[in-house]
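In this text, all values refer to a predicted model and were calculated from it rather than measured experimentally.
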Amino acid sequence: GRSFGFEATGVMGLFLSWAGDYAEGVDYNRLSRDVVCTLENSIALHVTGEGVNVNVAYGLYDGGDNGATMGLLAEQNSVVVVDGGTFRSSGTRGTLVIKSGATVTVNGGFFESDNGQRVVSNEGGSLTITGGTFANYNPEAFVADGYTVVAETQADGAVWYTVVAQ
């Protein structure tokens, strides 16, 4: 696997793809550090392609606050495991967007939309949640068996939904 640490500004924070004809996939293990996008319609972390496997350990993945921004976009048979990190967007698409063919497992992390837009947008992919906290979004539709959602109202009125083992 490869370890990445990065800081980026612009439309695409980090684009991880595999377009080759090789038998082996590409593993990006323990992604970390901060990606903050500043332009319109930005994606902080875009994972796409057959055999592309990504594990996010920690860091900030902020799609920014202009247009259809996303914190994480997974598509085209990619596999993403989120063990930690903060994912944020202010766009209309969603902070965590999973398209057809992609598989995403959330074991931890914090997910929020700064302006009340969608936090999760599952567009035909596979999403399984066993941990993590979601601001103003109840992820119960994607929570794995043996886990439950605990709601906690914050001082500012926001409700944080945390997924925990039963």
Side-chain angles (χ1 to χ4, degrees), residues 4 6-19 28 31-50 52-144 149 151 154 156-163:
F4 284 89
F6 49 86
E7 295 179 19
T9 58
V11 173
M12 189 68 63
L14 180 63
F15 181 71
L16 303 178
S17 180
W18 185 251
Y28 298 93
L31 288 179
S32 62
R33 298 199 58 198
D34 297 340
V35 178
V36 179
C37 298
T38 58
L39 299 180
E40 189 171 357
N41 302 326
S42 298
I43 304 168
L45 178 58
H46 185 179
V47 182
T48 183
E50 184 76 41
V52 177
N53 302 300
V54 175
N55 173 261
V56 180
Y58 56 91
L60 170 65
Y61 302 88
D62 189 342
D65 56 8
N66 295 307
T69 66
M70 292 172 260
L72 167 63
L73 169 61
E75 62 182 347
Q76 298 180 355
N77 300 315
S78 61
V79 176
V80 179
V81 176
V82 177
D83 290 323
T86 298
F87 295 82
R88 181 178 299 141
S89 76
S90 293
T92 56
R93 289 291 303 276
T95 299
L96 176 58
V97 179
I98 304 102
K99 294 187 124 189
S100 182
T103 301
V104 175
T105 302
V106 176
N107 299 318
F110 185 79
F111 302 84
E112 68 178 329
S113 175
D114 292 340
N115 65 359
Q117 296 289 339
R118 292 189 292 182
V119 174
V120 173
S121 179
N122 188 355
E123 301 174 6
S126 171
L127 174 60
T128 303
I129 300 174
T130 62
T133 299
F134 298 78
N136 296 315
Y137 176 81
N138 187 341
E140 67 186 349
F142 305 106
V143 172
V149 179
Q154 304 301 302
D156 65 0
V159 179
W160 288 8
Y161 297 90
T162 301
V163 178

Engineer: In the structure I gave you, are the side-chain heavy atoms of Val82 and Leu96 within less than 4.5 Å of one another anywhere?
Structural biologist: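 Heavy-atom side-chain distance check fails, nothing below 4.5 Å.
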
Engineer: Please report the interatomic distance CG(Leu73) to CD1(Ile43), rounded to the nearest 0.5 Å.
Structural biologist: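 Atom-to-atom, Leu73:CG and Ile43:CD1 are 5.0 Å apart.
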
Engineer: Please report the shortest heavy-atom distance between Arg93 and Arg118, naming the atom on each side.
Structural biologist: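 Scanning both residues completely, I find the closest heavy atoms to be O-NH2, 3.2 Å.
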
Engineer: Less than 4.5 Å apart, any side-chain heavy atom of Asn136 and any of Val119?
Structural biologist: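 The answer is no; the side chains never approach within 4.5 Å.
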
Engineer: So, do Ile98 and Ser126 sit near enough that their side-chain heavy atoms are less than 4.5 Å apart?
Structural biologist: no

Engineer: Once rounded to the nearest 0.5 Å, what's the spacing between atom CD1 of Ile129 and atom CD of Glu140?
Structural biologist: 10.5 Å

Engineer: Specify the closest pair of heavy atoms between Ala44 and Gly63, including all atoms of both residues, with the distance to one decimal.
Structural biologist: CB-N, 3.9 Å

Engineer: Check Val79, Val80, Val104 against Val47 for a side chain to side chain contact (heavy atoms under 4.5 Å, CB included) and give me the one that passes.
Structural biologist: Val80

Engineer: Can Ser78 and Thr48 be counted as having a side-chain donor-acceptor contact under 3.5 angstrom?
Structural biologist: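 Side chains of Ser78 and Thr48: no pair found under 3.5 Å.
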
Engineer: For Phe134 and Tyr161, what are the C-alpha separation, side-chain angles and deciding distance, and is it a ring-ring contact (aromatic ring centres under 6.0 Å, His included)?
Structural biologist: CA-CA 5 Å; Phe134 298 78; Tyr161 297 90; 8.8 Å; no

Engineer: Quick check: closest heavy atoms across Glu123 and Val97, and the distance to 0.1 Å?
Structural biologist: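 That would be OE2-CG1, 3.8 Å.
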
Engineer: First locate atom CG of Asp83, then atom CG of Asn107, and finally report the distance between them rounded to the nearest 0.5 Å.
Structural biologist: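 With rounding to 0.5 Å, CG (Asp83) is 5.0 Å from CG (Asn107).
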
Engineer: Do you know the tightest heavy-atom contact between Thr69 and Ser90?
Structural biologist: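 Here Thr69 and Ser90 meet closest at OG1-N, 3.2 Å.
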
Engineer: Can you find a heavy atom in the side chain of Val120 that is under 4.5 Å from one in the side chain of Tyr137?
Structural biologist: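 Contact flag for Val120/Tyr137 side chains = yes.
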
Engineer: What do the steps show when you test Glu112 against Thr95 for side-chain contact (heavy atoms from CB on, under 4.5 Å), and what is the final call?
Structural biologist: CA-CA 7 Å; Glu112 68 178 329; Thr95 299; 5.8 Å; no

